[in-house]
2 protein chains.
Amino acid sequence: MNTAGHIHGHPTEEATAVLKALSDPNRLRIFARLMQGDTCNCELVQELNLPANLLSHHLRVLSEVGLVTGRRDRIDGRWVYYSVDRAAAARWQAWLAALLDPAQIRVRPLCGPEGG
Amino acid sequence: MNTAGHIHGHPTEEATAVLKALSDPNRLRIFARLMQGDTCNCELVQELNLPANLLSHHLRVLSEVGLVTGRRDRIDGRWVYYSVDRAAAARWQAWLAALLDPAQIRVRPLCGPEGG
DNA sequence: TAGTTAATTCAATGTCTATTGTATTATAGG
DNA sequence: CCTATAATACAATAGACATTGAATTAACTA
C-alpha cells in the first residue's frame, strides 16, 4: 500500500507516529507533565499514579518518535531525567498548525451533480 | 483509572480521540485532502486509491470526533460531500499549539540528587 | 417495477498495543 | 559482598482496530 506520501514536508508515517504517540491518555498526561519541567520516572509514578514499568514503556514510545529525551543524573546514575525536546515540539507545533489551519480550508468545485 | 483530567481546557479523552483519529496514515491523507476542498466518497476512491467501504469507515471516525462533516447533494441524494469542520479545525489547532508550545517548556527544579 | 449507482453496514480476521506481573539490569552505599 | 533503589526488560493477556469481502440501504432513472 502507498504509505510513502508527504504532508506539509513531513513523511506521512513519521507524522502519524507522533500523533499516535500523543493519542494515548496516559502518554498525553506524561507529555503535558514534562512540558512543566524535567522529572524522573519515580516522580511520575507518584504524580500520575501509574506503575513504574508502564511509565518506562510510555516514555520509550515518546522517546522513539523524538518528542522526549532522557539523560542520567551526573551525581547518582540511577536517576534518569526526562524532558520535552524543544526542537521537536516546535517542529510538530508548526506542522500541526499548517495541517489544521482553518484559513487554508478550501471549497473547490464539488464533484457530482451539485458541483458540476 | 483516572482518565477524567483536563489539559488546556479540554478533557483528556476528547483530545486523545481527535489525535487518534488523525494518527492513521489513511485518515491523515483523507483529512489533508478534505482541507483542499469538499469531496464525495467516490472521488476519494480514485484519488487515494482505497476501497469505498474503507473510506466510509475512516470518514465515520473523523466525523465522530467532529473534525469532518458530511451533507447530501440537494440534486442527487445519492452523493454525500464531506468537508473539514472549520470551528473544530481552529479549536484543535489552538489546543495543539498550546500543548506543544516550545516557549512554555519549563525546567523546574529537578527531583533526585542533581536537582535537590 | 426493475436496474443502476453511491454509500453504508455487517461479519470475519490478523495485527497491534496498553496493561499487568515478574524478573533483570544498573548504580550507589554499607 | 550484600542490600537497597531507580529503571528497564520480558512474558502473557485482553481489548482495540485497520483491512477485506459480501451484503444491504438509499436514491435516482428508464
Side-chain angles (χ1 to χ4, degrees), chain A residues 1-3 12-13 16-17 19-31 38-65 68-82 110-116, chain B residues 1-3 12-13 16-17 19-31 38-65 68-82 110-116:
Chain A
M1 187 141 304
N2 178 19
T3 51
T12 307
E13 292 295 342
T16 53
L19 289 167
K20 177 168 283 190
L22 292 174
S23 70
D24 175 83
N26 283 332
R27 280 200 294 269
L28 189 59
R29 289 204 296 156
I30 293 170
F31 182 84
D38 302 16
T39 47
C40 60
N41 199 340
C42 62
E43 189 165 326
L44 291 174
V45 168
Q46 300 172 0
E47 294 187 4
L48 303 185
N49 198 33
L50 295 173
N53 56 352
L54 182 56
L55 284 167
S56 276
H57 164 68
H58 285 316
L59 286 166
R60 191 147 99 100
V61 175
L62 290 169
S63 298
E64 283 174 343
V65 298
V68 163
T69 57
R71 67 174 183 82
R72 288 202 173 267
D73 186 294
R74 302 189 208 100
I75 302 172
D76 188 336
R78 289 176 295 183
W79 301 63
V80 176
Y81 303 117
Y82 286 95
L110 297 170
C111 59
E114 195 176 318
Chain B
M1 189 142 303
N2 178 18
T3 52
T12 306
E13 293 294 341
T16 53
L19 289 167
K20 177 168 284 188
L22 292 174
S23 72
D24 176 82
N26 284 332
R27 280 199 294 270
L28 189 59
R29 288 204 295 155
I30 294 169
F31 182 84
D38 301 16
T39 46
C40 60
N41 199 340
C42 62
E43 189 164 325
L44 291 174
V45 168
Q46 299 172 1
E47 294 187 3
L48 303 184
N49 198 35
L50 296 173
N53 57 350
L54 183 56
L55 284 168
S56 275
H57 164 67
H58 286 316
L59 285 166
R60 191 146 98 98
V61 175
L62 289 169
S63 298
E64 282 174 345
V65 299
V68 163
T69 57
R71 67 173 183 83
R72 289 203 171 267
D73 186 296
R74 300 189 208 101
I75 302 173
D76 188 336
R78 289 175 296 184
W79 301 63
V80 175
Y81 303 117
Y82 286 96
L110 298 170
C111 58
E114 195 175 319

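Below, all heavy atoms of this structure are taken into account, side chains as well, without hydrogens, waters or symmetry copies. Naming: A, B, ... by sequence-line order, numbering from 1 per chain.
Across the protein-nucleic acid pair, Leu54(A) atom CG and dT22(C) atom P stand 16 Å apart, rounded to whole Å. Atoms CG (Asn53(A)) and C1' (dT5(D)) sit 15 Å apart, rounded to a whole Å. Going from atom CZ of Arg60(B) over to atom P of dC17(D) covers 12 Å, rounded to whole Å. Following rounding to the nearest Å, Asp24(B) (CG) and dC16(C) (P) show an atom-to-atom distance of 13 Å.
Between Lys20(A) and dC16(C) there is no side-chain N or O to OP1 or OP2 distance below 4.0 Å. Within the structure, a side-chain polar atom (N or O) of His58(A) is placed less than 4.0 Å from OP1 or OP2 of dT19(C).
Both His57(A) and Ala52(B) lie near DNA chain C, and the one whose nearest nucleotide falls closer to the 5' end is Ala52(B). Between Tyr81(B) and Pro51(A), the residue whose closest nucleotide on DNA chain C is further toward the 5' end is Tyr81(B).
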Item to complete: Starting from the C-alpha separation in whole Å, work towards a yes-or-no answer on side chain to side chain contact (heavy atoms under 4.5 Å, CB included) for Leu59(B) and Val80(B).
Response: CA-CA 11 Å; Leu59(B) 285 166; Val80(B) 175; over 6 Å; no
Discussion item. Does Leu48(B) form a side chain to side chain contact (heavy atoms under 4.5 Å, CB included) with Ile30(B)? I'd like the steps, not just the answer.
Written reply: CA-CA 8 Å; Leu48(B) 303 184; Ile30(B) 294 169; 3.5 Å; yes
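Checked against dA7(C), dA7(D), dT19(D), the side chain of Trp79(A) finds its nearest nucleotide in dA7(D). Considering only side-chain atoms of Cys42(B), the nucleotide from dT8(C), dT8(D), dA6(C) that sits closest is dA6(C). Closest to the side chain of Tyr82(B), from the set dA7(C), dA7(D), dA18(C), is dA7(C).
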Are there any protein N/O atoms within less than 3.5 Å of an N/O atom in nucleotides 23-25 of chain D, and if so, which ones and at what distance?
none

Protein and nucleotides 27-30 of chain D: nitrogen or oxygen contacts under 3.5 angstrom:
from: dA27(D); atom 1: O3'; to: Gly77(B); atom 2: N; distance (Å): 3.2
from: dC28(D); atom 1: OP1; to: Ile75(B); atom 2: O; distance (Å): 3.4
from: dC28(D); atom 1: OP1; to: Gly77(B); atom 2: N; distance (Å): 2.9

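Residues Asp24(B) and Thr16(A) have side chains that never bring a donor and an acceptor to within less than 3.5 angstrom of each other.
Taking 4.5 Å as the limit, some side-chain heavy atom of Leu55(A) sits within range of a side-chain heavy atom of Val45(A).
Remark: Arg71(B) engages Glu114(A) in a salt bridge, criterion side-chain N to carboxylate O under 4.0 Å.
Atoms OH and SG, on Tyr81(A) and Cys40(A) in that order, are 6.5 Å from each other to the nearest 0.5 Å.
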